Amino acid sequence: MHRWSELFIPTLREAPADAEVASHKLLVRAGYIRQLGAGIYSFLFLGNRTTQKIMKIVRQEMDKIGQEFYLPAIHPREVWEESGRWTVMGENMFRLKDRKGADLCLGMTHEEIMTDIARKELRSYKQLPQIWYQIQTKFRDEPRPKSGLLRVRQFIMKDSYSFDIDATELDISYLKHYDAYCRIFDRCGLKYMVVEAHSGAMGGSQSHEFMVRTPAGEDLIVSCEKCNYAANMEKATSKLAAIEELKPEGDGQPLLIHTPGKGAIADVAEFLKISAKQDIKTVAYMAQKPGDDGKTQEQPVVVFLRGDHSVNETKLLTLVKASNLRPMQTEELEKYFQGPAGFIGPIGLVVKPKEALGEWDPKKQAGDPRAVTVVLDEALSGRTNMICGANELDYHLKNVMPGKDFQYTVASDVRSVVAGEDCPNCGAALRIDTAVEIGHIFKLGYKYSESMGARVLDRHGKEVAPIMGSYGIGIERILTAAVEQSNDENGFWLPPSIAPFEVVVVATNTSDDKIRTTAEDITRQLEGAGFDVVLDDRDERPGVKFKDADLVGMPFRVNVGKKVTEGMVEVVQRSTRQSTDVKISAITEYFKGLLPPLG
RNA sequence: CGGGGCGUAGCGCAGCCUGGUAGCGCACCUGCCUUGGGCGCAGGGGGUCGUAGGUUCAAAUCCUAUCGCCCCGACCA
């Protein structure tokens with residue numbers, strides 16, 4: 001029997017001053033966690049019980065589709081060099097040296113290690129498909145750990161990896177994970193949504209993120225209330241209302257107009273009595289990418305989009321296969337546009353051909369030194385009679401038509417969706433929320449199997465690289481998300497499946513023998529029926545015990561008090577505060593109707 | 001890495017400007033009391049004031065450096 005009086009549950013009346021988000025404050029106050037350093041936390045009794053329950057659910061569902069391994073956390077440098085990520089991971093990776101001076105790192109994720117096993121052992125298509133998973137501690141030297149358990153430097157992750165003979169088979173492994181993840185998060189009692197995510201510049205074809213809405217989240221997700229459209233900001237798009245085009249003036253050719261001192265879009269629009277929607281915004285970047293020699297390569301990228309839109313830099317990075325963007329400086333603007341900041345525009349640019357998109361090989365960069373990658377946002381396709389900068393101080397152009405009056409390297413969706421725009425599926429209004437990512441499934445492709453040399457023979461005897469997928473779940477984030485989702489000023493409540501205890505039995509007055517023994521009896525009964533119960537038998541005033549019970553996350557409380565003389569106790573549901581008088585003799589039956597048996 | 005803030009008892013804070021005995025609330029220990037929402041009374045324990053230098057007769061307080069933590073930004077396969 002778990003007696004509170006003998007347990008270590010250090011609850012706090014006040015939250016630590018440096019806690020900001022609800023889950024952080026409450027998990028500390030409830031005695032689940034204590035901080036050791038920035039982004040490093042100890043899990044105490046209650047916190048550990050919960051994460052163990054979460055892991056049990058994850059394990060049960062993963063065992064239905066895969067096999068659990070246990071892999072090292074310390075990795076030799078060589079494996080990470082083979083995949084190229086020893087360099088790519090940069091400062092985010094914890095590195096150390098052993099006594100012989102050999103380089104090692106703490107694993108941030110385990111693609112390399114799993115692929116290493118695969119290449120040494122897998123020989124034939126007959127051994128595929130394989131799904132291997134593990135639940136392991138990961139280390140990331142975050143530049144800025146924050147928000148309690150949300151962004152930390154050490155955390156537990158369930159990660160799995162699939163090896164398939166071809167893309168069709170990968171689809172099956174991917175779908176298995178998708179379904180397993182839904183079962184896991186359902187069982188953990190989370191309200192989550194699945195969003196399409198961008199798969200990054202490093203290859204990979206499909207990716208979904210499992211997100212929980214919360215103000216503490218760091219990711220933005222776009223979703224439709226009407227249909228089930230949901231996407232990551234970096235992937236989201238929207239249907240735009242038709243724009244009323246300006247009338248052409250003169251012969252319809254671009255026409256120079258004097259706009260003295262009106263550089264900004266808003267000024268131009270006001271000066272010309274037009275809407276920003278009729279203006280072309282020009283955003284000029286230098287795209288950056290680390291070169292093979294370790295030096296940063298740069299190339300000019302210019303985006304044209306509707307005056308009231310803004311560039312989504314992640315979309316753009318993916319499009320031009322770059323790792324970073326910086327705004328062009330004045331001299332660079334003058335070099336490529338031959339015009340002054342504020343009045344730059346598309347006409348007169350030397351446009352790189354479509355084949356040059358995403359091309360970084362310096363040998364293929366020869367040609368006109370003024371050549372730039374020009375990206376036209378799709379929202380400008382087919383537009384007519386627009387206003388744009390003339391590349392001349394204090395002048396703009398009228399009657400400009402993308403595609404006719406200027407060329408571009410590529411037309412693509414590179415703008416950010418704005419809340420209230422129309423859903424691309426059903427046309428209803430889109431909303432944008434912050435959310436926390438609790439799971440991510442990802443079609444990796446051949447990146448690791450190719451670079452690390454995993455090969456199997458296919459049914460024709462031909463040597464091929466297996467195609468891979470990688471899939472992660474943040475264990476602590478499930479807890480954090482659950483707390484974020486269900487809390488008030490007094491504390492939080494967890495879904496019974498992951499709460500440290502499903503029921504707390506409060507003996508309101510321990511000096512009353514009848515009350516004390518009844519509370520013990522009830523606890524014993526409920527335990528006997530398979531429920532997870534803790535008995536609060538502390539010699540405290542009832543108020544103290546009620547406050548604690550409200551704080552620490554148990555979904556149900558049984559108050560054993562004066563009504564024992566009538567054979568009754570109260571059952572209080574934490575989430576609703578609803579209190580029900582229940583006959584002591586019927587208490588087990590009552591909970592059987594409320595709670596599913598423990599798995 | 002840029003900007004800001006904070007390090008004084010387990011937690012929350014005051015004291016610092018204007019140098020001179022280290023304080024308050026909660027928590028903790030003992031006793032009494034109380035027992036349906038952090039109850040009351042009495043007594044008590046606990047802090048090299050983040051660390052290291054410096055100035056001074058004297059430093060929590062002034063100066064310098066350094067470490068740590070938090071927030072905003074950058075970053076986040």
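Not measured: the values here are computed from a predicted model. A note on names: the letters A, B, ... follow the listed sequences, proteins ahead of strands, and every chain is numbered from 1.
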>> Partner lookup for U21(B), please. Criteria are Watson-Crick or G-U wobble with both distances under 3.5 angstrom; report none if nothing qualifies.
In response: none
>> Students often get this wrong, so: under 4.0 angstrom with heavy atoms, is Asp550(A) touching a base, only sugar-phosphate, or nothing?
In response: base
> Where the side chain of Arg140(A) is defined as all heavy atoms beyond and including C-beta, which of A77(B), G37(B), U35(B) is the nearest nucleotide?
Replying inline: A77(B)
>> Taking Glu6(A) first and then Arg538(A), would you say they form a salt bridge - that is, a charged N and a carboxylate O separated by under 4.0 Å?
In response: no
> Among the nucleotides G37(B), U35(B), A77(B), which one has an atom lying closest to any side-chain atom of Asp539(A)?
Replying inline: U35(B)
> Do Lys315(A) and Asp413(A) meet the salt-bridge criterion of a basic N to acidic O distance under 4.0 Å?
Replying inline: yes
> Quantified in whole Å, what is the C1' atom distance between nucleotide A77(B) and nucleotide U61(B)?
Replying inline: 50 Å
> Rounding to a whole Å, what distance do you find between Leu150(A):CG and C76(B):C1'?
Replying inline: 13 Å
> Would you say Arg144(A) reaches C72(B)'s phosphate, i.e. side-chain N/O to OP1/OP2 under 4.0 Å?
Replying inline: yes
>> Below the 4.0 Å mark, does C70(B) have OP1 or OP2 next to a side-chain nitrogen or oxygen of Gln35(A)?
In response: yes
> So, are Glu298(A) and Arg326(A) salt-bridged, with charged N and O less than 4.0 Å apart?
Replying inline: yes
> If you check the Pro542(A) side chain, which of G25(B), G36(B), A77(B) turns out closest?
Replying inline: G36(B)
> With rounding to whole Å, what would you report as the distance between G10(B) and C62(B) at their P atoms?
Replying inline: 24 Å
>> Looking at Arg119(A) and Glu82(A), is there a salt bridge between them, counting it only when a charged N and a carboxylate O are closer than 4.0 Å?
In response: yes
>> For the C1' atoms, the ones on C26(B) and on C39(B), what distance do you get once it is rounded to whole angstrom?
In response: 14 Å
> Choosing from G38(B), G12(B), A74(B), which nucleotide comes nearest the side chain of Pro143(A)?
Replying inline: A74(B)
>> Using Watson-Crick or G-U wobble geometry with both distances under 3.5 Å, which nucleotide pairs with U35(B)?
In response: none
> If you look at every strand shown and take non-hydrogen atoms under 4.0 Å, does Ser470(A) touch a base, only sugar-phosphate, or nothing?
Replying inline: nothing
> Quick one: which of G38(B), G36(B), G12(B) gets closest to the side chain of Pro16(A)?
Replying inline: G12(B)
> Distance between the C1' atoms of C72(B) and G25(B), in whole angstroms?
Replying inline: 32 Å
>> Using only modelled atom types and a 3.5 angstrom limit, is any donor from either the side chain of Glu570(A) or the base of G36(B) paired with an acceptor on the other?
In response: yes
>> When both hydrogen-bonding distances must be under 3.5 Å and the geometry is Watson-Crick or G-U wobble, what is C62(B) paired with, if anything?
In response: G54(B)
> Rounded to whole angstrom units, what separation is found between the CD atom of Glu540(A) and the P atom of C33(B)?
Replying inline: 17 Å
> Rounded to whole angstrom units, what separation is found between the CG atom of Asp488(A) and the C1' atom of G37(B)?
Replying inline: 14 Å
> What's the CD-P distance between Glu209(A) and C76(B), to the nearest Å?
Replying inline: 14 Å
> What's the closest nucleotide to the Arg85(A) side chain, out of C69(B), C11(B), A77(B)?
Replying inline: A77(B)
>> For Glu91(A) and Asp548(A), find the nucleotide of RNA chain B closest to each by heavy atoms; which residue's nucleotide sits nearer the 5' end?
In response: Glu91(A)
> Rounded to whole angstrom units, what separation is found between the CG atom of Asp219(A) and the P atom of A77(B)?
Replying inline: 10 Å
> Is the shortest side-chain N/O distance from Arg13(A) to OP1 or OP2 of A27(B) below 4.0 Å?
Replying inline: yes
> Does G73(B) pair with anything, Watson-Crick or G-U wobble, both distances under 3.5 Å, and if so, with which nucleotide?
Replying inline: C1(B)
> For the pair made of CZ in Arg29(A) and P in G38(B), what is the distance, rounded to whole Å?
Replying inline: 14 Å
>> Nearest whole Å is fine: how far is G4(B) P from Glu20(A) CD?
In response: 19 Å
> Could you give the CD-to-P distance, from Glu142(A) to A77(B), as a whole number of Å?
Replying inline: 9 Å
> Do the charged groups of Arg516(A) and Asp539(A) touch, with an N to O distance under 4.0 Å?
Replying inline: no
> Counting side-chain heavy atoms from CB outward, which of U35(B), C69(B), G12(B) is closest to Asp18(A)?
Replying inline: C69(B)
>> With rounding to the closest Å, how many angstrom separate the C1' atoms on U21(B) and C28(B)?
In response: 26 Å
> Counting any heavy atom closer than 4.0 Å, what does Glu112(A) reach on the DNA or RNA strands: base, sugar-phosphate only, or nothing?
Replying inline: nothing
>> Heavy atoms only, 4.0 Å cut-off, all strands: where does Arg538(A) land among base, sugar-phosphate and nothing?
In response: nothing
> At under 4.0 Å between heavy atoms, what does Ser147(A) touch on the DNA or RNA strands: base, sugar-phosphate, or nothing?
Replying inline: sugar-phosphate
> Is it true that Arg85(A) and Glu111(A) make a salt bridge, defined as a side-chain N closer than 4.0 Å to a carboxylate O?
Replying inline: yes
> For atom P, what is the distance between G47(B) and A42(B), given to the nearest Å?
Replying inline: 25 Å
> Looking at the side chain of Ala38(A), which of G36(B), U35(B), C69(B) is the nearest nucleotide?
Replying inline: C69(B)
> Between C11(B), C76(B), C69(B), which one does the side chain of Asn92(A) approach most closely?
Replying inline: C76(B)
> Mind checking who C6(B) pairs with, Watson-Crick or G-U wobble, both distances under 3.5 Å?
Replying inline: G68(B)
>> Within the 4.0 Å heavy-atom criterion, would you say Arg326(A) contacts the bases, only the backbone, or no part of the nucleic acid?
In response: nothing
>> When you measure from the side-chain N and O atoms of Lys146(A) to the phosphate of C70(B), is any distance below 4.0 Å, counting only OP1 and OP2?
In response: no
> So what does Ala19(A) touch, heavy atoms closer than 4.0 Å: a base, only the sugar-phosphate, or nothing?
Replying inline: nothing
> When His24(A) is tested against each of Phe492(A), Tyr41(A), Tyr32(A) for ring pair (Phe, Tyr, Trp, His ring centres under 6.0 Å), which residue passes?
Replying inline: Tyr41(A)
>> Looking at every heavy atom in both Met211(A) and Val195(A), which two are closest together, and how far apart are they?
In response: CG-CG2, 3.8 Å
> Hey, which of these two, Gly37(A) or Met89(A), hits RNA chain B nearer its 5' end, going by closest nucleotide?
Replying inline: Gly37(A)
> Looking only at atom P, what distance separates G31(B) and G37(B), rounded to whole Å?
Replying inline: 26 Å
>> Can you confirm whether or not the ring centre of Phe556(A) sits under 6.0 Å from the ring centre of Phe501(A)?
In response: no
>> Taking C6(B) as the reference, what is the distance to G50(B) when you measure between their C1' atoms (whole Å, please)?
In response: 11 Å
